[in-house]
Amino acid sequence: MSSNLLDKGYEPKGVEQYWYEFWEKEELFAASEISDKKSYSIVIPPPNVTGVLHMGHALNVTMQDILCRYRRLRGDNVLWMPGTDHAGIATQNVVEKKLAADNTDRHRLGREKFIDAVWEWRNQYGSAIINQLKRLGASCDWKLERFTMDEGLSLAVRKVFVQLYKEGLIYRGNYIINWCHRCHTALADLEVEYEEIDGHLYHILYPFPGGSGGIIVATTRPETMLGDTGVAVHPDDTRYQDIKSSTVILPILNRQLPIITDNYVDMSFGTGALKVTPAHDPNDFEIGKRHGLPEIKVIDDDGKMTPEAGKFEGLDRFECRKALVKALEDSGFLLRIEPIKHNVGHCYRCKTIIEPNLSKQWFVKVKPLAQKAIEAVKNKSTKIVPEIWTTTYYEWMNNIKDWCISRQIWWGHQIPAWTCESCLHLVVAMESPSTCPKCGCGNLAQETDVLDTWFSSALWPFSTMGWPEETRLLKTFYPTSVLVTGFDILFFWVARMMMMGIHFMDDVPFKDVYVHALVRDEDGKKMSKSKGNVIDPLNIIDKYGTDSFRMTLAVFAAQGRDIKMSEKRVEGYRHFVNKFWNAARFALMHLNKNHSELKFENMSLPDKWILARLKNVTDIVSDAIDSYRFNDAASALYKFVWHELCDWYLEAIKPCLYGHKGEDKKDAALSVLQRVFHDVLILLHPFIPFVTEEIWHKLPGTEGSIMKSVFPADDSGFKSLLCDLTSEPKMDIIMDVIAGIRNVRGEMNIAPSASLNIILHSDKDSVRNTVCDNEDIIINLAGLKSIEVEKPGLRPKKAATIVIGDAVIYILLEEIIDFSREKERLEKEIAKLKNETATLVKKLNNEDFLKKAPDDIIEKVKDKHKVAIEKQQKLISNLDKIKSIEIEL
RNA sequence: AGGCACGUAGCUCAGGGGGAGAGCGCUACCCUGACACGGUAGAAGUCGUUGGUUCAAAUCCAAUCGUGCCUACCA
């Protein structure tokens, strides 16, 4: 790294590791607890401690890193708080699998030893995902890394639980919850994924007692009939108005069931009669409550039938279904089996079919909390970007139901509730009580359930900063500036953080929520292990480098659209990184000393022009990042670097750099070159941090890390970049002339090596002057021998004609002119222009247009018309000339 | 069942009431003293379909078709 010269191709491998270690060593990611600077903070959405880096993380983290690096460059005191969550069910599953491999299980170990085993696992493997985040270049303040099971965060969980309980916002009760038999725990409604599967609708006769006939019910889960405690029909259903009996007999078990009427029943479905199983269906549970029906649990927590199931006791729920259907068939009660597609809930962790089950669980009463969270978005205390997601947010918040927070697993925050063994009094407290406050008994048993992982995640924005202590970190950085996340956890996490943040901090947890898209495979399908279409970000990084990968993500991260990712895309942006690298290589070849002072007085047109463009791209980039339009920022930089800096500026100043125009001009160009690279490195740094840091250290006039530099827009000299308002229109003329000549070269098949003589006619002094002043650039870039600039006069014979703006260019082609080709070319162009003028004429002939359209538009159309006509005339007269010359010859 | 988003060049997409854009791919030519991961030029689109509003619609509205997603207790 001592040489000032760069290698011919950019090789990211060693570079990335070197600079990442450098940044960490120099503590450049560190936030200050107290600072005069403006605070900017982000808490990372904590990845699961069991997780491995996937595309979703990569996108999410890249965006946060862009924001954080950008805000640091703008002088903010930035906190990016990293960490992981303990992922109760997932982690417990992982460790249980490991135990199974060792031929043991958690019950044999016992709770305490099992928890030790989980900690051991986490200490050994828990930092894997963190190290992977580092490979992305994530500039988190790692010294502050948090874990939801840390002591401090656990204290926060406990405090929140106790307070909510005291406020009546947490309660315990027997309700229908979603039960996963495999994970052996309750799940929140959100944690159930519905999937349409092919099932059967069983029509079963429930006969009237004694007499003939009965009521036919239909069900997809016949085994639950064993727990039926009623049959419901709609009160208005005429089919059931005249029934004499008030009960039916439940087949097999021969239990009498009352016939009840309830508005819930859908008359149009099946027979309009519904079997009611309060212990195994959420709706039936509600109906049961309304009508005082008993709740009979027939499936236990292992998915086996209970003694209430009679002779089916002990059977697995699906075995029971088979046996029961057989029994019904044999006894003639099963009338029909109809195939049906229906939605069935599955566990989001293990995909097991969920059983609605009656169970004693802990719940958060969410309505009162949700109200304020809705309000906060309505009054813009928190802004959701893109705005479209606010609708989804409201929709969910308005229909929110109580949140089941207890889980029947061991890994997690054990609920701080104790039951007195003698008087059954329930105590909820911060500390374990030694005696029952009611009866004084010393035997209290702690609730064995733990809390949902999301319960602790909901506190993340303030628990990570030390709450319930009143820390400096909280004072400086809460509320956080923005939360960056995918829409898939808008409800799981964002909504709950909003509720908890507002309730406990009396302020929203974040000012903005930026909701980004999903990363899909190249066919637009969701990546999943089972489909085998996952792209491993680490593979991509190994192959193409982090910078290329990040640039790809940024360019494709358009708001509201998912990203289709493929290696080919990344390859394209590796080319960009390489292009930039080589441009820098070129610049550094010439910048062998510091030229930090801009030499305005000796600047050429391209010098002034590129400075103006630099200012322009700086404005675009800051605007775009400020409004989370990462793709606009990245695209603008791509375009500037490749198509303005490399294509035009570097090419234009080459003669100057080689000293063909004197030392003063060269010094001026070098000062511009250095400034442009200095600034564009900073602009690019948030997107491609490694390569920019690498080049930065070779660029004269820089000191220390690029991370400590000042964003160009905040530099006192920023406005002076636009030192000549005419530089852009003038440069446009030069570029048009060059492009016009190149175009003819191509179309007329003129060898690239042939250097041409041209004559340029224009009646505008300004055009002639601009061209004269910069003729060396045109000569160089268009491959000319000479250029003559004149007022319009006689047309040269044997020439190809180009009309651009206010000038006509003749390419003298004494030997090589091919008249038929030139005729063809001119005719084609004239035809194009005719089309264009036709539509313009139509507009100008339309009286309504002239009457109603705004003046500036009319002016514009008139102008365009005039230009097109003039150009057309010039081309036509040249075409005529060619024809007459051809005849002469 | 309800809601949302998206249909623009071969592919991926940007744009968003007054001149159809980019990248990749493709074609031709070029190893020109940063770069072949490169350069120069070129071809290519009825802006899903049908109506409506407007002087003017790819853009706004309605319907329709297609695609994807989210929410929901239809047994």
Side-chain angles (χ1 to χ4, degrees), chain A residues 5-6 8-10 176 189 194 201-202 217-221 224 232 264-266 268-277 281-286 340 342-343 345 356 388-389 391-392 395-396 399 487-488 490-491 518 520 522 524-526 544 548 555-556 558 560-564 566 568-569 571-590 631-632 635 638-639 642-643 646-647 650-651 654 658 739 742-747 749-753 780-783 836 839-840 843 846-854 856-858 860-861 864 868:
Chain A
L5 280 184
L6 303 179
K8 196 168 166 184
Y10 174 57
I176 285 276
D189 294 342
Y194 288 88
L201 191 60
Y202 301 88
V217 299
T219 179
T220 53
R221 296 185 297 152
T224 63
Y264 166 77
V265 180
D266 178 359
S268 63
F269 189 91
T271 57
L274 171 72
K275 64 189 265 313
V276 183
T277 324
D281 183 282
N283 300 306
D284 293 8
F285 178 78
E286 295 296 324
I340 190 176
H342 63 144
N343 278 329
I388 189 80
W389 290 105
T391 327
T392 313
E395 180 74 17
W396 158 257
N399 298 307
F487 60 80
D488 44 338
L490 194 61
F491 308 139
L518 243 49
R520 298 169 175 281
E522 59 187 314
K525 293 204 190 75
K526 214 168 167 170
Y544 302 99
S548 312
V555 164
F556 284 103
R561 198 189 272 266
D562 286 347
I563 298 175
K564 292 184 193 172
S566 77
K568 238 180 151 196
R569 307 257 153 81
E571 201 182 332
Y573 288 93
R574 180 182 60 175
H575 295 174
F576 170 74
V577 172
N578 190 251
K579 180 78 177 177
F580 180 62
W581 172 263
N582 272 289
R585 180 168 177 253
F586 171 79
L588 292 175
M589 283 172 176
H590 296 91
N631 61 322
D632 286 347
S635 306
Y638 182 102
K639 203 174 157 197
W642 204 311
H643 298 302
C646 292
D647 286 354
L650 294 185
E651 294 303 329
K654 271 179 184 172
Y658 290 121
R742 283 171 171 174
N743 171 293
V744 170
R745 291 191 89 112
E747 298 225 328
N749 263 346
I750 298 167
S753 53
N780 187 34
L781 295 185
E836 201 185 312
T839 55
L840 293 172
K843 266 192 180 172
N846 183 343
E847 269 180 49
D848 280 334
F849 173 73
L850 296 173
K851 232 186 311 184
K852 293 179 181 168
D856 56 322
I857 294 294
I858 297 175
K860 225 165 133 186
V861 172
K864 232 159 46 180

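Below, all heavy atoms of this structure are taken into account, side chains as well, without hydrogens, waters or symmetry copies. Letters A, B, ... mirror the listed sequences (proteins, then strands); counts begin at 1.
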With side-chain contact (heavy atoms from CB on, under 4.5 Å) as the test, would you mind laying out the steps for Leu850(A) and Ile858(A) before giving the verdict? CA-CA 7 Å; Leu850(A) 296 173; Ile858(A) 297 175; 4.0 Å; yes
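- Rounded to whole angstrom, the span from the CH2 atom of Trp389(A) across to the P atom of C4(B) amounts to 13 Å.
- Remark: P of C69(B) and CG of Leu518(A) are 10 Å apart, rounded to the nearest angstrom.
- Remark: C37(B) base-pairs with no nucleotide; criterion is Watson-Crick or G-U wobble with both hydrogen-bond distances under 3.5 Å.
- Nearest to the side-chain atoms of Lys579(A) among the listed nucleotides G39(B), A75(B), C69(B) stands G39(B).
- Taking atom P on both G18(B) and C24(B), the two are 28 Å apart, rounded to the nearest angstrom.
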In sequence, state the C-alpha distance, the side-chain angles, and the governing distance for Val555(A) and Asn631(A), and then conclude on side-chain contact (heavy atoms from CB on, under 4.5 Å). CA-CA 4 Å; Val555(A) 164; Asn631(A) 61 322; 5.6 Å; no
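- One finds no side-chain N or O of Lys860(A) lying less than 4.0 angstrom from the OP1 or OP2 phosphate oxygen of G18(B).
- Asp284(A) contributes atom CG, which lies 7.5 Å from atom OG1 of Thr224(A) (distance to the nearest 0.5 angstrom).
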Between the protein and nucleotides 40-43 of chain B, list every N/O to N/O distance that falls short of 3.5 Å.
residue: G42(B); atom: OP1; partner: Asn743(A); partner atom: ND2; Å: 2.6

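- From Lys860(A), atom NZ reaches atom CG of Leu840(A) across 12.0 Å, with rounding to the nearest 0.5 Å.
- Comparing C55(B) with U46(B), their P atoms sit 29 Å apart, to the nearest whole Å.
- Taking atom C1' on both nucleotides, G21(B) is separated from C47(B) by 11 Å, rounded to a whole Å.
- Taken from CZ in Arg742(A) to CG in Leu781(A), the straight-line distance is 5.5 Å, to the nearest 0.5 Å.
- A donor-acceptor contact shorter than 3.5 Å is absent between the side chain of Arg221(A) and the backbone of Asp281(A).
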Nucleotide by nucleotide, nucleotides 55-60 of chain B touches protein heavy atoms under 4.0 Å in the pattern (B base, S sugar-phosphate only, - none) B-----
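- The residue Val577(A) sits apart from the nucleic acid: no heavy atom pair falls under 4.0 Å.
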Annotated protein contacts, base or backbone, on nucleotides 23-29 of chain B with a non-hydrogen cut-off under 4.0 Å, one of B, S, - each: S-----S
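- Using the six-membered ring where Trp is involved, Tyr638(A) and Phe576(A) have ring planes that are parallel, under 30° apart on the 30 and 60° scheme.
- Comparing A44(B) with A9(B), their C1' atoms are spaced 6 Å from each other, to the whole Å.
- Within the 4.0 angstrom heavy-atom criterion, base atoms lie near Asn343(A).
- Using a 4.0 Å heavy-atom cutoff across all strands shown, Glu286(A) reaches no nucleic acid atom at all.
- Between U49(B) and C29(B), the distance separating the two P atoms is 37 Å to the nearest Å.
- Across all strands shown, nothing is found opposite C31(B) as a Watson-Crick or G-U wobble partner with both distances under 3.5 Å.
- In this structure, NE2 in His575(A) is found 15.0 Å from OH in Tyr10(A), a value given to the nearest 0.5 Å.
- For Lys639(A) and G21(B), the NZ to C1' distance is 9 Å, given to the nearest whole Å.
- Following rounding to the nearest Å, Leu274(A) (CG) and C74(B) (C1') show an atom-to-atom distance of 9 Å.
- Rounded to a whole angstrom, the distance from the P atom of U53(B) to that of U59(B) is 15 Å.
- Side-chain atoms of Tyr264(A) come within donor-acceptor range of the base of C73(B), with a qualifying N/O pair under 3.5 Å.
- With distances taken from any side-chain atom of Arg585(A) to the nucleotides A34(B), A75(B), C4(B), the minimum falls on A34(B).
- Figure legend. A5(B) is base-paired to U67(B); pairs are counted as Watson-Crick or G-U wobble with both atom distances under 3.5 Å.
- With contacts defined as side-chain heavy-atom distances shorter than 4.5 Å, the pair Tyr658(A)/His590(A) qualifies.
- Of the C1' atoms belonging to C61(B) and G17(B), the separation is 13 Å, rounded to the nearest Å.
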Pair Thr277(A)-Lys275(A), side chain to side chain donor-acceptor pair (under 3.5 Å): steps then yes or no: CA-CA 7 Å; Thr277(A) 324; Lys275(A) 64 189 265 313; 3.0 Å; yes
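- Lys864(A) comes within contact range of at least one nucleobase, with a heavy-atom separation under 4.0 Å.
- The side chain of Ala583(A) sits closest to A34(B) out of U12(B), C69(B), A34(B).
- Checking U50(B) for Watson-Crick or G-U wobble geometry (two distances, each under 3.5 Å) identifies A62(B) as its partner.
- Between Tyr573(A) and Phe556(A), the ring-plane angle classifies as perpendicular under the 30° and 60° cut-offs.
- Going from the C1' atom of U8(B) to that of G15(B) covers 9 Å, rounded to whole Å.
- Between Phe487(A) atom CZ and C69(B) atom P there is a gap of 9 Å when expressed in whole angstrom units.
- Shown here, G21(B) forms a base pair with C13(B); the pair counts as Watson-Crick or G-U wobble because both key distances fall under 3.5 Å.
- Heavy-atom nearest nucleotides on RNA chain B were determined for Leu650(A) and for Glu836(A), and the one closer to the 5' end corresponds to Glu836(A).
- Residue Tyr658(A) places at least one side-chain N or O under 4.0 Å from the OP1 or OP2 atom of A34(B).
- If you check A44(B) for Watson-Crick or wobble pairing at under 3.5 angstrom, you find it has no partner at all.
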Could you walk me through whether Tyr264(A) and Val276(A) pass the side-chain contact (heavy atoms from CB on, under 4.5 Å) check? CA-CA 11 Å; Tyr264(A) 166 77; Val276(A) 183; over 6 Å; no
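- To the nearest 0.5 Å, atoms CG (Leu490(A)) and CH2 (Trp389(A)) are separated by 7.0 Å.
- Of the inter-residue distances, the one linking Lys654(A) atom NZ with Phe586(A) atom CZ reads 5.0 Å to the nearest 0.5 angstrom.
- Here A75(B) presents its C1' atom at 5 Å from CZ of Phe269(A), a figure rounded to the nearest Å.
- A straight line from CD1 of Ile388(A) to C1' of C4(B) spans 6 Å, rounded to a whole angstrom.
- Going from atom CG of Leu781(A) over to atom P of G39(B) covers 14 Å, rounded to whole Å.
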Can you check side-chain contact (heavy atoms from CB on, under 4.5 Å) on Phe849(A) and Ile857(A), steps first, answer last? CA-CA 10 Å; Phe849(A) 173 73; Ile857(A) 294 294; 4.1 Å; yes
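- In this entry A56(B) has no Watson-Crick or G-U wobble partner, no candidate having both defining distances under 3.5 Å.
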